[in-house]
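One structure is given here, and the rest of the page talks about it.
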Amino acid sequence: KANWQRRIFLTQGDRVRLFFRLIDDNEAQLAYVTLIDPVYKQRMYGECYYYHPTQTYYLHNKYGRDYIELWPYHIVDKKVQSYNLENEMFVFDLAEHSSFGTDNLTATRCRWVRLEDKQYFNGKITATPTGDTDYGCIAYEDPNDGEDKTIRYSLSSLSKQYVKFQKMGDDVKFHIEHILTKSTYDVIPPTAINVDSRVMYRKKTAMKQ
């Protein structure tokens, strides 16, 4: 009930901002919560387009034949909601219920993103996520400036082939997702996506004699 953002649900692991109402000098009460950084159990991407006959935004759907509606109030960053969103890329979840009066799917928990997916970055896993709502880390050297950096990743960032095999110390390749925001106080770190092993086969463990 304290969620300030219309029809945007919260899940375990989400990064949020809390706002409190001061009762007196010794007591404060939670006023509302705003979602800042969603954790996605399944990462879905779509490019936005505007359909003039219905005056509605949609996302190009590569996950099925259903239409995916994008209502601005389902975008996490309220300052982005009033922008012209056509041809912009979004990462999103699907709402549990379809759009009112239609069978169309509805995107929610949406964030405006820019993807660095023209070439792969190479790195090594230094920490693995403990579950769907946690992040692991990849250490890598950024070829753009030569600096050593660390980037987060989640289980939803892993390729379907690699998700069951990832482990500490693996050499991996990945693309990078950047969150675009018009907020001056929300700093969202980039996320590694399309993470996959750089080697085709693992070395076999030597059998004990």
Side-chain angles (χ1 to χ4, degrees), residues 1-46 48 56-57 59 68-85 88-100 105-116 125-140 142 147-157 168 176-193:
K1 292 182 179 179
N3 188 359
W4 184 45
Q5 292 149 311
R6 180 182 174 190
R7 296 186 67 182
I8 293 181
F9 62 89
L10 304 176
T11 65
Q12 183 179 350
D14 286 342
R15 201 168 135 225
V16 299
R17 177 172 285 110
L18 305 180
F19 293 83
F20 292 89
R21 182 181 297 109
L22 189 64
I23 305 301
D24 53 39
D25 292 340
N26 299 313
E27 184 181 358
Q29 186 180 64
L30 180 64
Y32 56 89
V33 179
T34 60
L35 177 61
I36 300 174
D37 188 16
V39 59
Y40 296 99
K41 293 183 179 180
Q42 180 182 3
R43 307 189 85 83
M44 304 183 75
Y45 294 94
C48 185
T56 304
Y57 283 113
L59 294 170
I68 300 179
E69 294 184 4
L70 172 62
W71 295 95
Y73 56 78
H74 281 286
I75 298 173
V76 171
D77 190 341
K78 293 180 73 70
K79 293 186 176 181
V80 172
Q81 294 177 3
S82 60
Y83 275 66
N84 179 2
L85 306 176
E88 301 297 349
M89 181 69 69
F90 285 86
V91 59
F92 61 92
D93 269 326
L94 289 176
E96 294 182 359
H97 303 288
S98 60
S99 178
F100 180 76
L105 302 175
T106 303
T108 188
R109 294 161 54 85
C110 309
R111 293 238 55 160
W112 183 20
V113 297
R114 175 177 62 85
L115 305 181
E116 286 191 71
I125 292 179
T126 57
T128 56
T130 57
D132 291 336
T133 59
D134 189 26
Y135 286 100
C137 294
I138 298 173
Y140 72 105
D142 191 336
E147 292 186 4
D148 291 331
K149 298 180 179 179
T150 300
I151 189 169
R152 66 181 186 172
Y153 78 96
S154 66
L155 292 180
S156 64
S157 303
M168 190 94 70
I176 297 179
E177 170 197 290
H178 298 276
I179 297 294
L180 302 180
T181 177
K182 295 301 178 180
S183 172
T184 58
Y185 48 81
D186 287 345
V187 179
I188 311 300
T191 302
I193 60 172

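In what follows, residues are counted from 1 in the order of the sequence shown. Only this structure's heavy atoms are used, side chains among them; waters, hydrogens and symmetry mates stay out.
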Which pair of non-hydrogen atoms, one from Ser154 and one from Asp134, has the smallest distance, and what is that distance? CB-O, 3.8 Å
Could you tell me which residues satisfy side-chain hydrogen bond (donor to acceptor under 3.5 Å, both in side chains) with Tyr140, sequence neighbours excluded, listed by chain and number? none
With sequence neighbours excluded, residues passing side-chain hydrogen bond (donor to acceptor under 3.5 Å, both in side chains) with Glu116: His178
Side chain to side chain contact (heavy atoms under 4.5 Å, CB included) against Leu180, all qualifying residues, sequence neighbours excluded: Trp112, Arg114
Which heavy atom of Thr126 sits nearest to which heavy atom of Ala139, and what is that distance? CG2-CB, 3.7 Å
Which heavy-atom pair separates Pro72 from Tyr57 by the least distance, and what is that distance? CG-CD1, 4.4 Å
Any side-chain heavy-atom pair of Leu85 and Ile75 under 4.5 Å: yes
What residues, two or more places apart in sequence or in another chain, satisfy side-chain hydrogen bond (donor to acceptor under 3.5 Å, both in side chains) together with Ser82? none
Stepwise, does the side-chain contact (heavy atoms from CB on, under 4.5 Å) test hold for Ile151 with Ile176? CA-CA 9 Å; Ile151 189 169; Ile176 297 179; 3.8 Å; yes
Check whether any side-chain heavy atom of Ile36 sits under 4.5 Å from a side-chain heavy atom of Val16, and report yes or no. no
Within the supplied structure, the quantity of interest is the number of heavy atoms (other residues, nucleotides, ligands) at a distance under 6.0 Å from Phe20 CZ; does it exceed 12? yes
Can you list everything that forms a salt bridge (Lys or Arg N to Asp or Glu O under 4.0 Å) with Arg15? Sequence neighbours excluded, please. Asp37
Between Leu70 and the options Thr108, Leu59, Thr56, the side-chain contact (heavy atoms from CB on, under 4.5 Å) test singles out Leu59
Non-neighbouring partners of Thr11 that pass side chain to side chain contact (heavy atoms under 4.5 Å, CB included), sequence neighbours left out: Phe9, Asp14, Val39, Arg109
With distance as the sole criterion, is a donor-acceptor pair present between the side chains of Tyr45 and Glu177 under 3.5 Å? yes
Any residue meeting ring-ring contact (aromatic ring centres under 6.0 Å, His included) with Tyr135, in chain and number order, not counting sequence neighbours: none
Could you grab the distance from atom CD of Glu88 to atom OH of Tyr83, nearest 0.5 Å is fine? 10.5 Å
Partner residues of Asp24 under the side chain to side chain contact (heavy atoms under 4.5 Å, CB included) criterion, sequence neighbours left out: Asn26, Glu27
What distance separates Met44 CE from Ser156 OG, expressed to the nearest 0.5 Å? 11.5 Å
Looking at side-chain heavy atoms only, is the closest gap between Val33 and Leu10 below 4.5 Å? yes
Point-to-point distance, once rounded to the nearest 0.5 Å, from CG of Asp93 to CZ of Arg111: 13.0 Å
Could you list the residues that satisfy side chain to side chain contact (heavy atoms under 4.5 Å, CB included) with Asp25, not counting sequence neighbours? none
Is the closest side-chain heavy-atom distance between Thr191 and Arg43 below 4.5 Å? yes
For a quick test of reading the model, state the closest non-hydrogen atom pair linking Phe90 to Phe92 and the distance between them. O-CD2, 3.8 Å
Salt bridge (Lys or Arg N to Asp or Glu O under 4.0 Å) with Asp142: which residues, sequence neighbours excluded? Lys149
What one should report as the nearest heavy-atom pair of Ile68 and Thr106 is CG2-C, 4.5 Å
